[in-house]
J.: 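Supplied in structure tokens, the structure appears directly below.
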Amino acid sequence: QVQLVESGGGLTQGGGSLRLSCAASGLTLGDYTMGWFRQAPGEEREFVATINWNGARTHYVDSVKGRFTISRDNAKSTVYLQMNDLKPEDTAVYSCAAAIGGDLRVDRYQYIYWGPGTQVTVSS
């Protein structure tokens with residue numbers, strides 16, 4: 001049974017930093033492209049970042065470029081999202097997801113496994 005479990009969310013002030021982790025079990029992480037998505041209240045789920053199977057390539061939504069960094073450790077079956085210079089508009093539930101195959105994926109419908117999410121709240 002595949003499980004993705006996020007951790008590291010919380011409340012921080014604008015300009016602060018958080019590091020999210022996504023622990024995977026029941027799969028071989030290196031077989032999957034991984035992504036982070038977020039959903040704010042009343043909004044559609046939004047792509048944030050994706051990383052290919054070995055971590056050599058990444059891609060971000062424009063609004064987080066230069067502030068967020070996605071990384072992975074396949075040996076630990078864990079994916080990370082380092083978030084710096086956080087802004088109130090980053091407030092959302094952040095979820096990690098896994099897509100079959102190794103290349104970058106931005107379309108949420110290409111992801112087959114999802115974690116329940118972790119809340120990130122940024123105060124102004």
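These numbers were taken from a predicted model, which means no experiment stands behind them. The chain is numbered in sequence order, starting from 1.
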J.: Do Met83 and Tyr80 belong together in a cluster built from hydrophobic side chains that touch within less than 4.5 Å?
T.: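 Per the 4.5 Å side-chain linkage, Met83 and Tyr80 are not co-clustered.
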J.: How long is the gap from CG on Leu27 to CG on Leu4, to the nearest 0.5 Å?
T.: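 These two atoms lie 6.5 Å from each other.
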J.: Is any side-chain heavy atom of Val64 closer than 4.5 Å to one of Val48?
T.: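 Yes. Closest side-chain heavy atoms under 4.5 Å.
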J.: I want to check a possible cation-pi pair here: Arg45 against Trp114, using under 6.0 Å from ring centre and within 45° of the ring axis as the test.
T.: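 Yes.
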J.: Does Ile112 share a hydrophobic cluster with Val5, counting links as ILVMFWY side-chain heavy atoms below 4.5 Å and allowing steps through other members?
T.: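 Per the 4.5 Å side-chain linkage, Ile112 and Val5 are not co-clustered.
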J.: Please evaluate residues Lys87 and Asp85 with respect to the criterion salt bridge (Lys or Arg N to Asp or Glu O under 4.0 Å), reporting the C-alpha separation (whole Å), side-chain torsions for both, the decisive distance (0.1 Å), and the verdict.
T.: CA-CA 7 Å; Lys87 306 176 186 299; Asp85 190 23; 3.7 Å; yes
J.: Does the side chain of Thr50 reach to within under 4.5 Å of the side chain of Tyr60, using non-hydrogen atoms?
T.: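 Answer no - side chains too far apart.
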J.: Check whether Ile100 and Leu104 end up in the same hydrophobic cluster, where Ile, Leu, Val, Met, Phe, Trp and Tyr are linked by side-chain heavy atoms less than 4.5 Å apart.
T.: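 Ile100 and Leu104: separate clusters.
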J.: Rounded to the nearest 0.5 Å, how far does CG of Leu81 lie from CZ of Arg72?
T.: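 That separation rounds to 13.5 Å.
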J.: Can you check whether Gly101's main-chain N or O pairs, donor with acceptor, with Arg105's side chain at less than 3.5 Å?
T.: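 Answer holds: no.
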J.: Hey, quick one: are Trp36 and Val61 part of the same hydrophobic cluster, counting side-chain heavy atoms closer than 4.5 Å, chains of contacts allowed?
T.: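 Shared cluster, yes.
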J.: Taking the side chain as every heavy atom from C-beta outward, state whether Thr91 and Glu89 have any pair of such atoms under 4.5 Å apart.
T.: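 When only atoms from C-beta onward are counted, Glu89 and Thr91 do not touch, as no gap falls below 4.5 Å.
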J.: Using 0.5 Å steps for rounding, measure from the CD atom of Glu6 to the SG atom of Cys96.
T.: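 It comes to 4.0 Å.
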J.: Run the side chain to side chain contact (heavy atoms under 4.5 Å, CB included) check on Arg108 and Glu44 step by step: do they pass?
T.: CA-CA 11 Å; Arg108 66 182 187 262; Glu44 292 275 319; 2.9 Å; yes
J.: Would a 4.5 Å heavy-atom cut-off, applied to side chains only, mark Thr121 and Thr12 as touching?
T.: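 They are not in side-chain contact.
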J.: For Asp62 versus Lys65, what's the shortest heavy-atom pair and its separation?
T.: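 Looking at all heavy atoms of both residues, the shortest contact is OD1-NZ, 3.0 Å.
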J.: Under the rule for side-chain contact (heavy atoms from CB on, under 4.5 Å), what residues qualify as partners of Gln82, not counting sequence neighbours?
T.: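 Scan of Gln82 (side-chain contact (heavy atoms from CB on, under 4.5 Å), adjacent residues dropped) gives Ser17, Arg19, Thr69, Asn84.
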J.: How long is the gap from OG1 on Thr78 to CG on Leu20, to the nearest 0.5 Å?
T.: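 The OG1 atom of Thr78 sits 12.5 Å away from the CG atom of Leu20.
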J.: Which heavy atom of Met34 sits nearest to which heavy atom of Ala98, and what is that distance?
T.: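 So the minimum-distance heavy-atom pair works out to SD-CB, 3.5 Å.
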J.: Answer yes or no: is there a donor N or O on one side and an acceptor on the other, between the side chain of Asn52 and the main chain of Gly55, under 3.5 Å?
T.: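 Looks like yes, one N/O pair under 3.5 Å.
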J.: If you group Ile, Leu, Val, Met, Phe, Trp and Tyr by side-chain heavy-atom gaps below 4.5 Å, do Tyr113 and Ile51 land in one group?
T.: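 Tyr113 and Ile51: one cluster.
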J.: Report the residues that fulfil side-chain contact (heavy atoms from CB on, under 4.5 Å) with Ala75, sequence neighbours left out, ordered by chain and then residue number.
T.: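 By the side-chain contact (heavy atoms from CB on, under 4.5 Å) rule, Ala75 matches Asp73.
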J.: To the nearest 0.5 Å, what is the distance between CD (Gln110) and OG1 (Thr33)?
T.: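 Reported value, rounded in 0.5 Å steps: 9.0 Å.
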J.: Under a 3.5 Å threshold, yes or no: a donor from one side chain and an acceptor from the other, between Ser95 and Tyr111?
T.: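 Absent: no donor and acceptor within the cut-off.
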J.: Taking all heavy atoms of Ala24 and all of Leu29, pick out the closest pair and write down the distance.
T.: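 In terms of heavy atoms, the two residues are closest at CB-CD1, 3.8 Å.
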J.: Tell me the closest heavy-atom pair linking Ala92 and Ala40, and the distance in Å.
T.: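 In terms of heavy atoms, the two residues are closest at CB-N, 3.8 Å.
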J.: Taking only residues two or more places apart in sequence or in another chain, which ones pass ring pair (Phe, Tyr, Trp, His ring centres under 6.0 Å) with Phe47?
T.: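 In terms of ring pair (Phe, Tyr, Trp, His ring centres under 6.0 Å), with neighbours along the sequence ignored, Phe47 is linked to Phe37, His59.
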J.: To the closest 0.5 Å, what do you measure between CG (Leu11) and CG (Leu18)?
T.: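 Going from CG on Leu11 over to CG on Leu18, the span is 9.0 Å.
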